[in-house]
Amino acid sequence: MAMKNAIVTITGNIGNDPTYNTTRTGDAVVNFRVGSSSGHWNRSTGAWVDDGTSWFAVSAFRNLAEHAKGSLHRGDPVILTGALKVKEWENDGRKGTSADIVADAIGHDLSQGTSAFVRRPKPTTTVERAPAVVGERDDAPGYETQPTAQTDEWEAHGMNVSDAVRGESGEQDSAEQEPAFA
């Protein structure tokens, strides 16, 4: 018996390093497991009662897989949403049930810590390649990056591209800082 099109949102921790592969059609896919623990506070005993951990096999495809590949690691707290598929299985005389999720969205659970977001550059949409930008990466055709000289200057001041765009500095002593852009 299989349940289809049940959309769920879960929180939990990644139980293994995500594995990256491609499908037969060449689409990117990332697979990993998420453990979601539940429990409750018992007022009469004044103690936390662990109700166990539910494990989910998670798959992400295409762009989401590419982004997950560079962002997710074992132990990371995540929040994800996707289609739940519950399947019964049998293997070598053993029977069981698995809960699989095909993810639509995945993110770090910010109630557990901080995360830095880096927007992936959009590919150029014209057939011909757009004019090159100084410092363009050779390994990413169709993508443009910030000029290398400017990026080097930001890094010299303890900043990354995201900080520079927001006008923030990575240095602690703001009283005697040089301007981020000279």
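Since this is a predicted model, take the numbers as computed values, not measurements.
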If the condition is side-chain contact (heavy atoms from CB on, under 4.5 Å), which residues does Asn42 pass it with, not counting sequence neighbours?
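Partners of Asn42 under the side-chain contact (heavy atoms from CB on, under 4.5 Å) test: Ser44, Thr45, Val49.
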Residues in side-chain contact (heavy atoms from CB on, under 4.5 Å) with Thr97, at least two apart?
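If we apply the side-chain contact (heavy atoms from CB on, under 4.5 Å) test to Thr97, skipping adjacent residues, the hits are Val86, Glu88.
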To the nearest 0.5 angstrom, please state how far the [atom1] atom of [X] sits from the [atom2] atom of [Y].
{"X": "Ile101", "Y": "Thr9", "atom1": "CD1", "atom2": "OG1", "value": "9.0 Å"}
{"X": "Ile106", "Y": "Phe32", "atom1": "CD1", "atom2": "CZ", "value": "4.0 Å"}
{"X": "Ile14", "Y": "Arg74", "atom1": "CD1", "atom2": "CZ", "value": "11.0 Å"}
{"X": "Phe117", "Y": "His67", "atom1": "CZ", "atom2": "NE2", "value": "8.0 Å"}
{"X": "Asp109", "Y": "Ile10", "atom1": "CG", "atom2": "CD1", "value": "11.0 Å"}
{"X": "Leu110", "Y": "Ile79", "atom1": "CG", "atom2": "CD1", "value": "8.0 Å"}

Side-chain donor-acceptor distances from residues 52-62 under 3.5 Å, at least two apart:
unit_1, atom_1, unit_2, atom_2, d
Thr53, OG1, Ser37, OG, 2.9
Ser59, OG, Asn31, OD1, 2.7
Arg62, NH1, Asp27, OD2, 3.4

Taking all heavy atoms of Val30 and all of Pro18, pick out the closest pair and write down the distance.
CG1-CB, 3.6 Å
Taking all atoms of both residues into account, what is the closest heavy-atom pair of Arg33 and Asn16, and its distance?
N-OD1, 2.8 Å
Which residues satisfy the side chain to side chain donor-acceptor pair (under 3.5 Å) test with Asn91, sequence neighbours excluded?
none
Those residues that, when tested against Asn13, pass side chain to side chain donor-acceptor pair (under 3.5 Å) (two or more places apart)
none
Other members of the hydrophobic cluster containing Trp41, with the 4.5 Å side-chain heavy-atom rule, please.
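Result for Trp41 is Trp48.
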Hphob cluster co-occupancy, Val34 + Leu84, side-chain heavy atoms under 4.5 angstrom:
yes
In this structure, would Tyr20 and Leu72 fall into the same cluster of hydrophobic residues linked by side-chain contacts under 4.5 Å?
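Per the 4.5 Å side-chain linkage, Tyr20 and Leu72 are co-clustered.
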